[in-house]
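The next block holds one structure in the form of structure tokens; read it before the comments.
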Amino acid sequence: PDPKRLITYIVARLCEIYEAMTGTPVTHSTRSRTADYTPDPQSHGGRFVLAMMRVIDSKTRDTRVASALRFFIEQRSRSR
């Protein structure tokens with residue numbers, strides 16, 4: 001399978017799991033509490049997805065996970 005598609009698929013499922021369990025939509029924020037930019041997601045949902053992807057495949061770049069997370073959020077917003 002195409003690695004990019006597979007990562008996008010897995011990230012979407014992780015987002016769905018997080019949302020189902022918490023009742024809170026996954027968001028993607030790149031600002032820490034101190035307002036400094038960081039490439040890693042700072043929201044609870046975003047950190048959950050990133051942490052799970054690190055467990056599943058530690059070789060996957062965090063930037064690729066963040067891109068898949070943004071894609072999921074954009075698609076969700078368009079479908080509403």
Side-chain angles (χ1 to χ4, degrees):
D2 176 23
K4 187 175 181 180
R5 275 193 176 161
L6 185 57
I7 290 167
T8 301
Y9 175 81
I10 293 169
V11 166
R13 301 299 77 79
L14 289 170
C15 289
E16 291 169 354
I17 290 167
Y18 179 86
E19 291 175 351
M21 295 302 294
T22 66
T24 306
V26 172
T27 60
H28 184 281
S29 173
T30 55
R31 297 275 176 191
S32 68
R33 290 186 188 265
T34 60
D36 294 330
Y37 172 80
T38 176
D40 293 342
Q42 296 299 302
S43 67
H44 289 284
R47 290 195 316 253
F48 166 79
V49 171
L50 183 59
M52 292 300 100
M53 283 301 298
R54 286 175 176 164
V55 169
I56 293 167
D57 183 3
S58 61
K59 295 176 187 168
T60 299
R61 291 191 321 262
D62 292 352
T63 54
R64 194 170 261 188
V65 175
S67 294
L69 182 58
R70 279 190 303 275
F71 179 78
F72 173 81
I73 293 166
E74 288 169 5
Q75 294 301 308
R76 181 186 61 202
S77 296
R78 288 182 187 158
S79 66
R80 289 185 177 174

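This structure is a prediction, so every number in the text was calculated from the model and none was measured. For reference, positions follow the sequence shown, starting with 1.
Screening E16, E19, H44 for a side chain to side chain contact (heavy atoms under 4.5 Å, CB included) with V26, the sole residue that qualifies is E19.
The OG1 atom of T60 lies 7.5 Å from the CD1 atom of I10; values are rounded to the nearest 0.5 Å. Expressed to the nearest 0.5 Å, how far OG1 of T8 lies from CG of L69 amounts to 10.5 Å.
T27 places no side-chain N or O within 3.5 Å of a backbone atom of S43 that could act as its donor or acceptor partner.
When hydrophobic clusters are built by joining Ile, Leu, Val, Met, Phe, Trp and Tyr residues whose side-chain heavy atoms come closer than 4.5 Å, directly or via intermediates, V11 is not grouped with F71.
For CZ of R47, the number of neighbouring non-hydrogen atoms (other residues, nucleotides, ligands) closer than 6.0 Å is greater than 12.
In terms of heavy atoms, F72 sits closest to C15 at CE2-CB, 3.3 Å.
By the 6.0 Å and 45° rule, R5 does not stack over the aromatic ring of Y9.
At a cut-off of 3.5 Å, with distance as the only test, no side-chain donor of R64 or S67 sits close to an acceptor on the other residue.
Side-chain contact between M53 and I7 is present, with at least one heavy-atom pair separated by less than 4.5 Å.
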